[in-house]
Undergrad: 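Encoded as C-alpha cells, here's the structure I'll be asking about.
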Number of protein chains: 2
Amino acid sequence: MAKNSGASTIVDVAERAGVSRQTVTRALNDMVDVSAATRARVIAAAMELNYRPNRAAQNMVHGRRRTVGLVLEDLSNPYFAELASALSRAAAERGWSVLLCDIGGDREKGRAQLASIVAGVDALTLTGCNQDTMDLLPEAVLRGGALGLPLLMLDGADHARLNGRIVLDVDSGITAALDHLVATGRRRIAFIDSESGPDDRRKVYRAYLEGHDLVWPAGTPEISAEESIEGGMEAAEQLVLRAPDVDAALVYNDVMAIGVLKAMSRLHRRVPEDVAVVGIDGLQIGRFVTPELTTLSIDKGELADVALDVLDRLLAGNPAAAGEAKVIGLSLVVREST
Amino acid sequence: MAKNSGASTIVDVAERAGVSRQTVTRALNDMVDVSAATRARVIAAAMELNYRPNRAAQNMVHGRRRTVGLVLEDLSNPYFAELASALSRAAAERGWSVLLCDIGGDREKGRAQLASIVAGVDALTLTGCNQDTMDLLPEAVLRGGALGLPLLMLDGADHARLNGRIVLDVDSGITAALDHLVATGRRRIAFIDSESGPDDRRKVYRAYLEGHDLVWPAGTPEISAEESIEGGMEAAEQLVLRAPDVDAALVYNDVMAIGVLKAMSRLHRRVPEDVAVVGIDGLQIGRFVTPELTTLSIDKGELADVALDVLDRLLAGNPAAAGEAKVIGLSLVVREST
DNA sequence: TGGCGCACCGTGAACGTTCACGGCCGTCCC
DNA sequence: GGGACGGCCGTGAACGTTCACGGTGCGCCA
C-alpha cells in the first residue's frame with residue numbers, strides 16, 4: 001500500500017519492485033539501461049499500485065507551461081462556442097493550454113467552479129460576463145494587485161478589476177450596417193437590444209438615426225430582451241406589436257437575430273421583403289437559417305490572437321498592456337435577410 | 001534580474017526585498033505576521049520582478065487535482081459545444097478541470113496540439129474522432145499499457161487503444177423514431193448517413209425496414225455525406241433527385257438534419273407535409289429552426305456524468321472499468337418536422 | 001591479468017512553493 | 001526583574017518527478 005493516504009508515488013513503485021526511483025522512471029518511459037526482467041517487474045508493480053505520475057511534479061521539473069482559463073456562461077450558445085474554438089486554436093499555436101469553465105446558471109456552483117479553476121491558470125479570459133458574474137470570482141482574485149492574475153475581458157462590459165479589454169468597433173460597424181439598410185430603402189429601422197449587455201450599440205444606433213433624419217415619428221421603439229433565441233423571439237413579437245410599420249431590425253447579436261427570424265416567420269412577416277434583419281457576431285449558424293442572416297461579423301480568430309497577445313504582454317510584465325483596450329473591427333456580411 | 005533564464009521565482013523576490021521566502025509568501029497571500037513596511041517592500045519587489053507564482057509548484061504541495069482533456073475537431077459544431085458544456089459542468093461538480101483541445105482541420109497542428117495537451121492531463125476524452133484523429137495522438141499515448149493515460153471515447157467509433165467507450169442505444173432509439181414515422185403514415189423512409197461515422201445507425205434502419213415490410217421497391221436509397229450542415233443539404237438534394245417519392249428522412253445527426261431542412265425549403269418540399277425529418281442528438285438549435293426539428297435526443301449531462309464515472313474508476317485502478325462500454329439511451333422528442 | 005568498455009542500476013540535487021517549527025526582540029504585568 | 005506573550009521573521013523539510021553523475025560487475029581483448 002502507499003503510505004500516504006492519496007495516490008501512490010514513484011517511490012512506492014520503486015520499493016515494491018525492489019529498485020530505485022530512477023529505474024522506475026527508466027522502465028516506465030521506455031528508456032535504455034534497464035534489463036527486460038527489471039522492466040517487467042517495475043511495470044507489474046506500477047500496475048498493482050495503480051501508479052499514475054503526478055503531472056504537477058512533472059511540469060515542475062520540465063519548466064512552466066502556460067495555462068489560460070476561459071470563463072463563460074453557456075458553451076451551448078454558439079457565440080461562446082465559436083469564441084472558445086478560436087481561443088483554443090490560437091492558444092495551441094503558442095503552446096498554451098486553455099482550461100474551460102462553463103459556469104452555467106447556478107451562482108453558487110459557478111462560484112465554486114471559479115475558485116477551483118483559478119488554482120490552475122496563469123490568466124483568466126472572460127466573455128459575456130456581466131457584473132454579477134465578476135462577483136463570483138474568488139475574493140483573492142477580485143482584489144488583484146501586484147500578484148493578481150491577469151483578467152481579460154474578451155468583449156462585454158468594463159470592470160474595475162480588469163487588466164485588459166477587447167472592445168469591438170461598434171461605431172463604424174453599426175454605421176455600415178445602417179448605411180446598408182438605408183441604401184436598400186429601409187426607413188423604419190428598429191434596434192433590438194440586450195437587456196443585460198452594455199448599451200453602446202444602442203447609443204450608436206440612436207445617434208445614427210438622429211444624424212440621418214430617421215427618427216421614428218411616434219418615437220423610436222425601445223425593445224430589449226434576454227440574450228437568447230427565445231429573447232429574440234419575444235422581442236420581435238413586441239416589436240411588430242408596438243411598431244407595425246417596422247421595415248428593418250438591427251439586432252444586438254446573431255443568436256437573438258435568429259429568434260427574430262423565427263418570430264417573423266410565425267407572424268407571417270416575410271424576411272427580407274417585409275422586414276430586413278441584421279445580426280451582430282457573424283456566427284456560422286447564420287448561414288444555415290432561412291433566410292440566411294445578414295450580420296456584422298467578428299473575426300474570432302483575430303480576437304483570440306489579440307487576446308493572447310495582450311495576456312502575453314501582461315504576463316511578461318509589460319505595463320503598457322494594462323488597462324489598454326484593443327479594438328477589433330466588424331465587417332458587414334450581406335446575406336439573404338436584407 | 002532573475003538568475004535563471006525564465007521567470008522570476010519567490011527567492012528572487014525574497015532576495016530583492018531583503019527577506020526570506022516565507023515572508024514573501026506571507027506578504028503576497030495576505031497572511032498575518034508581516035509588518036506593513038515589509039509587506040510593501042515585498043510587493044514592490046514582486047512587481048519589479050514581475051513575479052508570478054508557479055502553478056505547478058503550488059499544485060504540487062497542495063495535493064493533486066485532476067484534469068481531463070477534451071479532444072474534439074470543431075467546437076463551433078453545436079453538438080460538440082453542448083457536449084463540452086455538459087462535460088465542463090459535470091467535471092466542476094467533482095472538482096475536476098477540463099482542458100480544451102479543438103484540433104481543427106490542420107493535421108500537423110493538431111498533432112502538436114495533442115502532444116502539448118497530453119502533458120497536462122490525467123485522462124483524455126475524445127468525441128467524434130475517427131481513426132485518423134486517433135493517429136494524431138503522441139506515440140507514447142497510443143502505445144498505452146500500464147502507465148498509459150486513460151482514453152475514453154464519448155461516442156463514435158471503437159479503437160484498440162481505448163480504455164472505455166460510451167455507446168448510444170441506437171437500436172431502440174432508431175426503432176422508436178421509425179415507429180413514430182410509420183405511425184404518422186410515412187412509407188418511403190430514407191436514411192441519410194454520415195460518410196465518416198460508424199454505420200451502426202444505418203444497420204438498425206435497414207433491419208427495421210426489412211422487418212416491417214418497408215423496403216423500397218426500387219431499392220432503399222443509399223445517401224451519405226459529410227457531417228455538417230452543408231453535407232446535409234447536399235444529401236437532401238441527392239435524395240429528392242434519386243427518390244422523388246420520399247416522404248420521410250431519418251438523418252444521422254441534428255446538424256445534418258438542419259441542412260436537410262434548409263435544402264427542403266429550397267427545393268420547395270414542405271416539412272412535414274411533404275416529407276418528415278428526424279435528426280439525432282437533441283441539439284438546442286433544433287428548437288429554433290423552422291420547422292422545429294424532431295430528434296432523437298441524447299442527454300448530454302448524463303453522458304458526461306457517466307464518462308467521468310468511468311474515468312474515475314479507471315484512474316482508481318478499477319479493472320472492471322477497462323474496455324467496458326456504457327450505454328446511453330436516446331429519447332424521441334417530437335417537434336414540428338414530423 | 002590488467003584494463004577497457006558496456007550494461008545496468010543507484011544517489012544527490014534540482015524544480016518552486018508551502019507547512020511546521022523555532023528564534024528573536026520588545027512590552028506588559030505581577 | 002523575571003516570566004509570559006505577541007509581533008515579526010527565518011530555516012529545514014516536504015510535495016513527486018527528472019537530470020546529471022557515479023558506481024558496480026561482467027566480458028572481452030591485448
Side-chain angles (χ1 to χ4, degrees), chain A residues 2-42 45-46 49-67 118-122 140 147 149, chain B residues 2-43 45-46 49-67 118-120 122 140 147 149:
Chain A
K3 62 168 153 274
N4 53 2
S5 59
S8 55
T9 81
I10 200 172
V11 297
D12 296 325
V13 177
E15 282 172 7
R16 183 168 191 109
V19 294
S20 70
R21 304 184 310 256
Q22 184 60 20
T23 302
V24 174
T25 300
R26 282 191 272 249
L28 296 186
N29 293 4
D30 292 303
M31 310 173 73
V32 292
D33 287 343
V34 198
S35 71
T38 306
R39 186 183 304 262
R41 241 179 31 251
V42 170
L49 293 176
N50 186 39
Y51 168 68
R52 308 274 165 190
N54 184 322
R55 299 290 166 185
Q58 283 180 325
N59 286 337
M60 160 118 233
V61 26
H62 279 148
R64 61 171 43 187
R65 67 172 293 95
R66 207 159 267 184
T67 303
V118 156
V121 302
D122 302 303
L147 68 159
L149 85 169
Chain B
K3 63 168 153 275
N4 53 2
S5 59
S8 54
T9 79
I10 199 172
V11 297
D12 296 326
V13 178
E15 283 172 6
R16 184 168 190 111
V19 295
S20 70
R21 302 184 312 257
Q22 185 60 19
T23 302
V24 175
T25 300
R26 283 191 272 250
L28 296 187
N29 293 4
D30 291 304
M31 310 172 73
V32 291
D33 287 344
V34 198
S35 71
T38 307
R39 187 185 303 266
R41 249 191 9 262
V42 169
I43 290 181
L49 292 176
N50 187 40
Y51 167 69
R52 307 274 165 190
N54 184 321
R55 299 289 166 186
Q58 284 180 324
N59 284 337
M60 161 121 231
V61 28
H62 278 147
R64 59 171 50 191
R65 67 173 293 93
R66 208 159 266 181
T67 303
V118 156
D122 302 303
L147 67 159
L149 85 169

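So that the names make sense, note that chain A is the first sequence line, chain B the second, and so on, each numbered from 1. All of these numbers come straight from a predicted model, not from anything done at the bench.
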Undergrad: How close or far is atom C1' of dT18(D) from atom CG of N59(A), stated in whole angstroms?
TA: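 One finds 12 Å between C1' of dT18(D) and CG of N59(A), rounded.
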Undergrad: How long is the span from the CG atom in D12(B) to the CZ atom in R21(B), to the nearest 0.5 Å?
TA: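 CZ of R21(B) is found 13.0 Å from CG of D12(B).
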Undergrad: Atom CD of E15(A) to atom P of dG16(D): distance rounded to whole Å?
TA: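 So the CD-P distance, E15(A) to dG16(D), works out to 12 Å.
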Undergrad: Find the distance N54(A):CG to dG16(C):P and express it as a whole number of Å.
TA: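 That distance rounds to 16 Å.
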Undergrad: Identify which nucleotide among dC15(D), dT17(C), dT18(D) has an atom closest to any side-chain atom of Q58(A), counting heavy atoms from C-beta outward.
TA: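 The nucleotide sitting nearest to the side chain is dT18(D).
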Undergrad: Nearest whole Å is fine: how far is dG16(C) C1' from H62(A) NE2?
TA: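 After rounding, the reported distance stands at 16 Å.
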Undergrad: Got a sec, which residues hit side chain to side chain contact (heavy atoms under 4.5 Å, CB included) with N50(A), two or more places apart in sequence or on another chain?
TA: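 Here the qualifying residues are R52(A).
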Undergrad: So if I apply the side chain to side chain contact (heavy atoms under 4.5 Å, CB included) rule between V34(B) and each of V24(B), T25(B), T23(B), which one comes out positive?
TA: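 The option that passes is T23(B).
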Undergrad: With a 4.5 Å heavy-atom cut-off, do I10(B) and Y51(B) have their side chains touching?
TA: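 Yes - at least one pair of side-chain heavy atoms lies under 4.5 Å apart.
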Undergrad: Strictly under 4.0 angstrom, non-hydrogen atoms only: write out the protein contact profile of nucleotides 6-13 of chain D, one letter per nucleotide from the 5' end, B, S or -.
TA: --BBBBBB
Undergrad: Starting the side chain at C-beta, find the nucleotide from dT18(D), dC15(C), dT17(D) nearest to T25(A).
TA: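 The closest nucleotide is dT18(D).
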Undergrad: Would you say N29(B) places a side-chain N or O within less than 4.0 Å of OP1 or OP2 belonging to dT18(C)?
TA: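 Checking dT18(C) against N29(B), a side-chain N or O does come within under 4.0 Å of OP1 or OP2.
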Undergrad: Measure from CE on M31(B) to C1' on dT18(C) and round the result to the nearest Å.
TA: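 Taking CE of M31(B) and C1' of dT18(C), I get 8 Å after rounding.
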Undergrad: Out of curiosity, S35(B) OG to R41(B) CZ, how far, rounded to the nearest 0.5 Å?
TA: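 Rounded to the nearest 0.5 Å, the OG-CZ separation comes to 7.0 Å.
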Undergrad: What integer distance in Å separates L28(B):CG from dT17(C):P?
TA: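 It works out to 10 Å between those atoms.
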Undergrad: R64(A) CZ to dC15(C) P: how many Å, rounded?
TA: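 Nearest whole value for this atom pair: 13 Å.
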Undergrad: What integer distance in Å separates M60(B):CE from dC19(C):C1'?
TA: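 Rounded to the whole Å, the gap is 14 Å.
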Undergrad: Only one of D122(B), N59(B), T67(B) forms a side chain to side chain contact (heavy atoms under 4.5 Å, CB included) with R55(A), so which one is it?
TA: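 Among D122(B), N59(B), T67(B), the one meeting side chain to side chain contact (heavy atoms under 4.5 Å, CB included) with R55(A) is D122(B).
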Undergrad: Enter the distance from I43(B):CD1 to T38(B):OG1 here, rounded to the nearest 0.5 Å.
TA: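 I43(B) atom CD1 to T38(B) atom OG1 measures 11.0 Å (nearest 0.5 Å).
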